[in-house]
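Here the structure comes first, spelled out in structure tokens, and everything after it is commentary.
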Amino acid sequence: MAQQDTDTARILIAYDGSEGSQRAIAAVARLFPGADAMVVHAFSGGGIASLSRMPPLAAPITIDPEIDQQADEARHRHAAGVAEAGVALATSAGLNAHPLTIMADGTSGVWSAIVTVAQEHDVALIVVGARGHSGIASALLGSVSDGVVHHARRPVLVVPDSARH
């Protein structure tokens with residue numbers, strides 16, 4: 001896990017590399033110049049082995065543990081790279097940023113992982129970017145920003161998709 005002194009971060013920025021999360025970083029830099037920020041990339045876990053926990057299919061699934069481990073390691077490397085890219089963007093915008101990657105539980109999702117990390121690190125503010133999905137797409141895909149807003153026990157700033165206004 002890529003992490004540096006995240007306990008001092010006062011602002012948690014959820015970052016997934018999307019335009020919405022890039023707007024979130026830009027908003028934090030404008031509103032809180034030089035702030036300590038934790039750039040969090042929460043990614044869905046599971047891997048190949050999670051298939052074995054699904055309802056049975058017509059034929060049993062045999063999973064090679066070595067292949068599953070390699071897939072898991074690749075997911076972690078990718079997640080660390082995403083978090084580091086967010087930190088680079090935040091740092092270039094003038095923030096004192098540190099990365100954190102977390103694997104989200106498949107049953108509770110990414111928003112729950114973000115809320116949990118915010119609670120654990122006692123951040124003052126959670127910042128998320130809205131992706132601008134329509135009502136139907138948002139209902140089908142789920143909404144990280146919606147989940148964070150409705151479940152966080154601290155202030156949440158949702159940076160809207162400026163192209164939709």
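All heavy atoms count here, side chains included; hydrogens, waters and symmetry mates do not. Just so it is clear, the structure is predicted and the values come from calculations on it, not from any experiment.
Taking CD1 of I126 as the reference point, atom CE of M38 lies at 9.5 Å (rounded to 0.5 Å). The line from CG of L31 to CG of L157 is 6.5 Å long, rounded to the nearest 0.5 Å.
Every ring pair (Phe, Tyr, Trp, His ring centres under 6.0 Å) that F43 has, sequence neighbours left out, goes to H76. When the salt bridge (charged side-chain N to carboxylate O under 4.0 Å, His left out) test is applied to R77, no partner is found at least two apart in sequence or on another chain. Residues forming a ring pair (Phe, Tyr, Trp, His ring centres under 6.0 Å) with H150 (at least two apart in sequence, or on another chain): none.
At distances below 3.5 Å, not a single donor-acceptor pair connects side-chain atoms of R153 with backbone N or O atoms of Q119. Side chain of S92 to main chain of L89: a donor-acceptor pair is present (N/O by atom type, distance under 3.5 Å, no hydrogens or angles). For R10 (side chain) and D122 (main-chain N/O), a donor-acceptor pair under 3.5 Å exists by modelled atom type. In this structure, H41 contributes its side chain and Y15 its backbone to a donor-acceptor pair below 3.5 Å. Between the side chain of S112 and the backbone N or O of G109 there is no donor-acceptor pair closer than 3.5 Å.
For the pairing with L95, the side chain to side chain contact (heavy atoms under 4.5 Å, CB included) check across D36, I11, I13 returns one residue only, I13.
Considering all non-hydrogen atoms of both residues, V144 and I114 come closest at CG1-CD1, 3.8 Å.
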